Amino acid sequence: MSAVFVLDARTATAHFPGIGRYVANLARAMGPLLGPEERLILLHDPTPPSPWDLSTLAGGAVSVVDVPLSPFSLRQQWAVPRLLRRLGADLYHSPYYLMPYWPGVPTVLTVYDLIPLLFPQYVSLRARWLFRWTIALSQFVATSIIAISRTTSGDLQTILGVKSDKVTVIPLAPDPAFYPRSPTETEPVRRQYGLPESFVLYVGSNKPHKNLAGLVEAWSYLTFHVSRFTLLIAGVWDPRYPQPRLLAERLGLQNIRWLGPVPEADLPALYSMADLFVFPSLYEGFGLPVLEAMACGVPVVCSNTSSLPEVAGDAALLVDPTDIRALAAAMERALTDEHLRAEMRARGLERARRFTWEEAARRTLDVYRRVLGRI
């Protein structure tokens, strides 16, 4: 019996870097795993800029249909269901909670985290209300939910009352582009950004739950022995949260550089050049940068909260992100012990190899087939 799976890839744009990476890698890995009677259709919005060219995935049992319609558009509520009927869809997979809420076919939803509900102090009342209403509506509509970690699965059950048998945990994986890069590959990136020889790296936004101010304060406690290192902070900067920079200025820290957003193509080289990657987030639905750093052979210090222990296992130094002195001590220990860093590199590479998009795609297709009663 034939089956047509529709994966909504309209979020594979520069506006959704994390979700875009998820959708693009999942779609790429699913194509070769489709059964002889199965087809995969990707809905693609060609309007906004995107680091991912989904058109290259078309061929065989995979096709790409252009839908110039934003997930923020009200028109998707009737336009996407109409398109699903025209395509003969048997199943619709939305990787985002802003979706058509009456798709007309069995629906799979991917949920990453419930941060607006877990950290309400960082979100406006209007945004919090809108998130609660739309995430509740999306999980009600969904026949099955994919959570990217056991932590997110638990939050869905505790906060939204989702039944455990409705949720399948399928972890993310690093993009295949993340692997240790040679000096020949990294040197152009070093020159382009004027990077120092020795640095500690953070990749992520400056949203309050990322605990960037805590990292800056911890950095101020490092001793003279590691003063040759620079702290590089890369990622999208939200002007609503200037506290980390203001704190660095107040503390007079000269050895911090703010790189801002870094193109996807430059990230593997940036990771590969780092002496240490630090990720002190208070909460993560998954924490993909930890795996990306490990896949590039970089030792990692990260938080012992939320999903991060699930991701890091025993391959990182785990620390309470609210204990600033402990965070500083963990960074100093890693930076002053070359033998420890070598051991962490080896463990990290092995840990990262356990997470693959092929496995994520296989398990996602199993969810599709189970929803349709094919297994």
Side-chain angles (χ1 to χ4, degrees), residues 1-12 19-45 50 52-67 80-96 99-100 102-112 138-139 141-150 152-153 162-177 286 353-375:
M1 185 172 63
S2 64
V4 177
F5 308 136
V6 175
L7 173 60
D8 197 336
R10 290 178 295 140
T11 46
I19 302 176
R21 197 176 301 166
Y22 167 77
V23 174
N25 280 293
L26 187 64
R28 185 180 299 113
M30 280 202 292
L33 300 176
L34 293 169
E37 300 290 321
E38 295 172 340
R39 289 177 55 215
L40 176 66
I41 299 176
L42 308 177
L43 303 186
H44 168 241
D45 184 355
S50 173
W52 303 279
D53 183 5
L54 297 183
S55 65
T56 62
L57 303 182
V62 179
S63 55
V64 178
V65 175
D66 284 346
V67 184
V80 172
R82 188 184 305 143
L83 176 61
L84 294 176
R85 288 194 297 271
R86 195 170 79 236
L87 295 173
D90 294 293
L91 177 141
Y92 170 69
H93 180 182
S94 176
Y96 193 46
M99 55 179 279
W102 290 271
V105 293
T107 298
V108 174
L109 169 71
T110 298
V111 177
Y112 310 92
S138 63
Q139 66 86 18
V141 168
T143 313
S144 184
I145 297 174
I146 293 172
I148 62 172
S149 65
R150 293 193 301 273
T152 296
S153 175
V162 178
K163 293 183 178 179
S164 60
D165 60 1
K166 190 175 181 176
V167 184
T168 302
V169 176
I170 303 179
L172 307 182
D175 188 289
F286 188 78
R353 281 193 284 267
R354 299 183 187 182
F355 296 82
T356 69
W357 282 109
E358 181 181 9
E359 179 62 18
R362 180 178 293 109
R363 294 176 64 183
T364 299
L365 285 171
D366 283 347
V367 171
Y368 292 2
R369 293 161 184 152
R370 191 161 57 247
V371 165
L372 297 180
R374 296 170 65 89
I375 58 173

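Keep in mind that what you see is a predicted model, and the values were worked out from it rather than measured.
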Would you give the length of the straight line joining atom [atom1] of [X] to atom [atom2] of [Y], rounded to the nearest 0.5 angstrom?
{"X": "S149", "Y": "L172", "atom1": "OG", "atom2": "CG", "answer": "8.5 Å"}
{"X": "M30", "Y": "E38", "atom1": "CE", "atom2": "CD", "answer": "10.5 Å"}
{"X": "K163", "Y": "I145", "atom1": "NZ", "atom2": "CD1", "answer": "12.5 Å"}
{"X": "L34", "Y": "R39", "atom1": "CG", "atom2": "CZ", "answer": "10.5 Å"}
{"X": "H44", "Y": "L57", "atom1": "NE2", "atom2": "CG", "answer": "10.0 Å"}
{"X": "I146", "Y": "T168", "atom1": "CD1", "atom2": "OG1", "answer": "7.0 Å"}

Ignoring hydrogens and geometry, is there a side-chain-to-backbone donor-acceptor pair from [X] to [Y] under 3.5 Å?
{"X": "T152", "Y": "I148", "value": "no"}
{"X": "S94", "Y": "L109", "value": "no"}
{"X": "N25", "Y": "W357", "value": "no"}
{"X": "W52", "Y": "A24", "value": "no"}

If every non-hydrogen atom of [X] is compared with every non-hydrogen atom of [Y], which pair is closest and at what distance?
{"X": "W102", "Y": "P81", "result": "O-CG, 3.5 Å"}
{"X": "V6", "Y": "L43", "result": "CG1-CG, 3.6 Å"}
{"X": "A147", "Y": "S153", "result": "CB-N, 3.8 Å"}
{"X": "L372", "Y": "A3", "result": "CD1-CB, 4.2 Å"}
{"X": "V371", "Y": "P106", "result": "CG1-CB, 3.6 Å"}
{"X": "L91", "Y": "V105", "result": "C-CG2, 4.2 Å"}

Check your understanding: Do other residues, nucleotides or ligands put more than 12 heavy atoms under 6.0 Å from R353 CZ?
Key ->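 It does: R353 CZ has more than 12 such atoms within range.
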
Review point. Checking salt bridge (charged side-chain N to carboxylate O under 4.0 Å, His left out) against D366, which of R363, R369, R370 comes through?
Key: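 Looking at R363, R369, R370, the match for D366 under the salt bridge (charged side-chain N to carboxylate O under 4.0 Å, His left out) is R369.
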
Do the side chains of [Y] and [X] get nearer than 4.5 Å, heavy atoms only?
{"X": "R28", "Y": "E358", "result": "no"}
{"X": "P103", "Y": "L84", "result": "yes"}
{"X": "Y368", "Y": "L7", "result": "yes"}

Between [X] and [Y], do the side chains contain an N or O donor and an N or O acceptor separated by less than 3.5 Å?
{"X": "T110", "Y": "Y22", "answer": "yes"}
{"X": "Y96", "Y": "D8", "answer": "no"}
{"X": "T107", "Y": "H93", "answer": "no"}

Practice item. Under the side-chain contact (heavy atoms from CB on, under 4.5 Å) rule, what do T364 and I170 come out as? Steps first, then yes or no, please. Key: CA-CA 7 Å; T364 299; I170 303 179; 3.7 Å; yes

